[in-house]
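In what follows, a structure is listed as structure tokens, so that the remarks can point back to it.
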Amino acid sequence: MSEKLSDLERIKAQSRQLRGTLVEGLADPVTGAISDDDNKLLKFHGSYLQDDRDQRDERRRRKLEPAYAFMLRARLPGGVVTPAQWLVFDTLAREHANGTLRITTRQTFQWHGILKGDLKPAIAAIHDALATSIAACGDVVRNVVSTANPVESQGHAEAYAWAARLSDDLAPTTRAYHEIWLDGEALVGEPEPEPLYGRTYLPRKFKIGLAIPPLNDVDVFSQDLGLIAIVEEGQLRGFNVAIGGGMGATHGDPSTYPRLGSVVGFVRPEQVSVVAEAVVSVQRDWGNRVERKHARLKYTLDHQGLDRFIAEVERRAGTSFEPARPFGFDHNGDRYGWVEGHDGRWHLTLHIESGRLADVGSQRWLSGLREIAKVHAGDFRLTCNQNVIVANVPAGERARIDTLVAEHGLDGYRRHSGIRRHAVACVALPTCGLAMAEAERYLPDIVTRIEALLDRHGLIDAPILLRLSGCPNGCSRPYLGEIALVGRAPGRYDLRLAADFSGQRLNRTYRENVDESTILASLEPLFAAYARERKAAEHFGDWLLRSGVLDAPALAVVA
Amino acid sequence: MNAVVSNDVADAPLDAAIRAELARLAEGLRPAQLYRAAAWLAARAEQPTQVVAHASVEHLTVIYGSQTGNAKRAAEHLVRVAEAAGLRVRLVRADAYPTRELARERFVAVVISTQGDGDPPDDAKGFVEFLTSRRASRLPDLHFSVLALGDSSYPLYCAVGRTIDARLAELGATRFAPLAEADVDVETNASPWRTTAIEGVRPLFRSANVVAIAPVRPVTSPHDRDRPFEAAVLLNQPIVAEGHARDIRHVELSLEGSGIVYEPGDALGVWPRQSTALVAQVLLATSLDGDTSVERDGLTLPLSTWLETHRELTRLSRPFVAALAERSTDEALRRALEPSGNATLREWLETLQPIDLLRRHPVAWTADALVVALRPLVPRLYSIASSHAEVGDEVHLTVSVVDYRTEGEARHGVASAHLATAEEGGTLRVFVERNERFRLPVDPSRDIVMIGPGTGVAPFRAFIQARRAQGGTGRNWLFFGNRHAREDFLYQTEWQAALKDGSLHRLDLAFSRDRGGKVYVQQRLRENAAELHGWLAGGAHLYVCGDAKAMAADVHAALIDAIATHGAKSHDEASAWLDELLREGRYARDVY
């Protein structure tokens, strides 16, 4: 390749397996930041530098550097957290971060507002809780997500085991993490080899998700590598493999686009590891390292050809895909409230708006879950819809949990409107450096205004997927929202419509770069018509297509 | 060295050839470069020079020791008055005075301040040591007078001046005017002393040595303390994070058209103005009418004007307490003035303002009596935080707004409050106060170490700007401290830029309220003792600016330890070595 590699490739290659000058940078008292190069490497350790953008201008005038602080993200395969871990994470939030825990759209926790001097103790605390932050960000296989809703407890247990195993198998092996954060012995001589990743890791991030039909809560078609569990007669037979999903795009650049994963075939459980590694390794070797905008697997497939890619995977894995098995997804949301598992234990899904656990007024969600963690003997599951499940509760304990839930204002799931319960927002302002518009902070307002319109048309309980994103990169998977707002500038969004309700059809742009009043004015007549014309159980996105408001797109999910 | 001989400039006109040569060299230089050239030439004048012996001609030698510039200014004032009276005068800073000459002197005036803890100012340590030692010889031919400056809030008020006065008499010298003691309102007692001194010493001169015409004095600036410049406020910018407990401002003023020239290290005097709210409170508490006309010091002004621009309302003084006690029947006031009440008085002086006592003790005042009881307002001095070389016609200050609460009410320092509320586009009355003791090394290849926690960092911003423009090879090392790195790291982005562009070589930081516990600059000095000693041994100049109470003493102790440990010296030797640096001017302090 004659074109110049992206600068990040240089940084990775020269990093001595992710070491860079992180130790020196963290010790520099003159700034709360670290160098740009080190920040790129820090991502591989699960953290990166942000600043409070609300304060930027004023601090510049005051001759102070931006209000720098670090975001730290844990790697929690399948989103499973023990009560003991929960308490550690909660303490970390209060003592080292901004007093909040945030559930991400990839089923893990992240902390915001960690000052430079707090980063090392924070990571050490995560390690001591038998978790890690390594590869929670960066050009590596990220946190492996799996279906959280454990109605089929047996299936869930198996799926979770696979998520955990893939997460371990595909994690970087560098000792840099121990050296820098855990006072491990400093490297002498040549750095240790990374068998899978080599010196330059992957061209871009790589996401793996595992879904158990009929629940698509992980949005399996948004993953670089999606695994759809095929359970027959209570037995896990294997997985349909979907590759090349991805949400990110750039405004005004048609060479970038969201893409749903292509289902390429079926593998048996014993083949999963080797096939996953083969997909990762082909992407490692074939992915675009010149233009990071085109580096995700989805572009590799489209540029190299899906068939060619599959053939190479099969060659490296030493196995062939079987034809995909039939499957069906009902929805990609969470089931709120109590459900009983097949073993008689109960699971309570709570609605956590934007995944932000904080104590605000009577909504003392952070404290509430801390109190639950103190008495809960089961575990917790974080969901890709930013919610939390208090899982594996014996029937006799339900009342006690319910009391704590009510006392701390965590019982909103009982009352919230259909759209509010199906809303997802990324963090955006003020901490996200990519954000072009508000998301998390705007969600309560915009939902309230949309609710007013829905209420006018008798749709207050209609479950409608709303996804709010501060930029087109897609952390909140906005291209899979029946209604989505994708930020373009402060107060201005692209209004996208008509994804389906189960994460199998992308939405499309309906109004470009519009403000709130235009958004609401655009939605109102659609709600009115939907209320009049919808068939029983017909979802808003499906109605939009049937009614001809939007042209039908090609269904992206094809076996 | 660094003799400042007042008559030299007037006596040394430049001939036409030299003037033409200078004009040729100056052609095409930008204003900032002209300032730089002027500073360079001035610095050459301060190289060690032969002090012209004046033995054959009778003259009055005025020796001053000054920490903040007050004593220096009082000495200069005496020189002007003496010259106007036809006397030949030489003005010498105490550390530049060859003490062996004392025995040959006939007329000496000493103007010297006392620091808070009873110490002489840095530039007079050697002079006082010599005079009080056994080395000082008998001075039967000497006529002298001493003006002692001090702050009556401190117990050892004017102690240094008193010591010198007594010691000179002990050595056999005769007073041509009695010792005068000047409080922070220097002029109140300095003015009568000048008159007495001139009247006392003039008749002692042989008439032939009294010249008829006062020599022309060099005019460095058309503006001084008595003729301040109305400087436009260009910027008044808080420089601590929003919501921080303290209010610290970066203030930029325009000197355009003023002809004012300053050097890094100089201070800017600001004439404050009392807030109208405070003036109204005082009038209310005393039941006086602000329109009442009051005549004093040859001025006739309405009382409200006296209070607003001529009297201290934010600093309580002993004389004010005494005046109040005279009018009140309250025994507490009287007791506070007795020796046994010293602790109470000190506490009042530190925590109360006149308004607090006026309210506690409502007594009958006349407008005249109130004006007499209150101290004259004095200008506040701020270390200049900029260099002409970088900011041209501007002058920058770093101002901590003194803001505290007494009895539930907000109290403000007069000048900082005045500055804090100075609006961009408004003006402040300012003048430059020279500080020859706080100067960058003439040699730009010398290293410098700057210790300036809090707003003490101000002159070092000027130093870095000047050294950047100078382009020398000397390294610059700054120690800075405050409470929180994130909130009050003053000029953070500028230091970061200076580190990047190479004009700052090292920056060590101490934040006392961040994670990691209470850390102050002196601890950083100790941690870097070996390297610090290396710099000093290599000839580095050392500067300390900031809080006099705790910081300066702790820093001094840390320096002694560093020198003792790494210079293989005993504690006393290290201390003496450091004192030597002080005398040489290689260790300079601007503490307040």
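Note on naming: letters A, B, ... go to the chains in the order of the sequence lines (proteins, then strands), and numbering restarts at 1 for each one.
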Point to revise | Results of ring pair (Phe, Tyr, Trp, His ring centres under 6.0 Å) for A:Trp365 - residues two or more places apart only | key: none
Between chain A and chain B, donor-acceptor distances below 3.5 angstrom:
unit_1   : atom_1 : unit_2   : atom_2 : d
A:Val30  : O      : B:Gln492 : NE2    : 3.3
A:Val30  : O      : B:Gln496 : NE2    : 3.1
A:Arg59  : NH1    : B:Arg486 : O      : 3.0
A:Arg59  : NH2    : B:Arg486 : O      : 2.9
A:Arg62  : NH1    : B:Val240 : O      : 2.5
A:Lys63  : O      : B:Gln492 : N      : 3.1
A:Lys63  : O      : B:Thr493 : N      : 3.1
A:Lys63  : O      : B:Thr493 : OG1    : 3.3
A:Lys63  : NZ     : B:Glu494 : OE2    : 2.9
A:Glu65  : N      : B:Gln492 : OE1    : 2.9
A:Glu65  : OE1    : B:Gln492 : NE2    : 3.4
A:Glu65  : OE1    : B:Gln496 : NE2    : 2.7
A:Glu65  : OE2    : B:Gln492 : NE2    : 3.4
A:Ala67  : O      : B:Arg486 : NH2    : 3.3
A:Tyr68  : O      : B:Arg486 : NH1    : 2.5
A:Tyr68  : O      : B:Arg486 : NH2    : 3.4
A:Glu95  : O      : B:Arg515 : NH2    : 3.2
A:Asp118 : OD1    : B:Arg515 : NE     : 2.6
A:Asp118 : OD1    : B:Arg515 : NH2    : 3.0

Please classify the contact of [X] with chain A as side chain, backbone, both or neither, using a heavy-atom distance under 4.5 Å.
| X | value |
| --- | --- |
| B:Leu509 | side chain |
| B:Ala241 | both |
| B:Leu499 | side chain |

Review point. Looking at B:Phe489 and A:Leu64, what are the two nearest heavy atoms and their distance?
Key: O-CD2, 3.3 Å
Check your understanding: chain A: which of B:Val240, B:Leu507, B:Leu235 shares the most heavy-atom pairs with it under 4.5 Å?
Key -> B:Val240
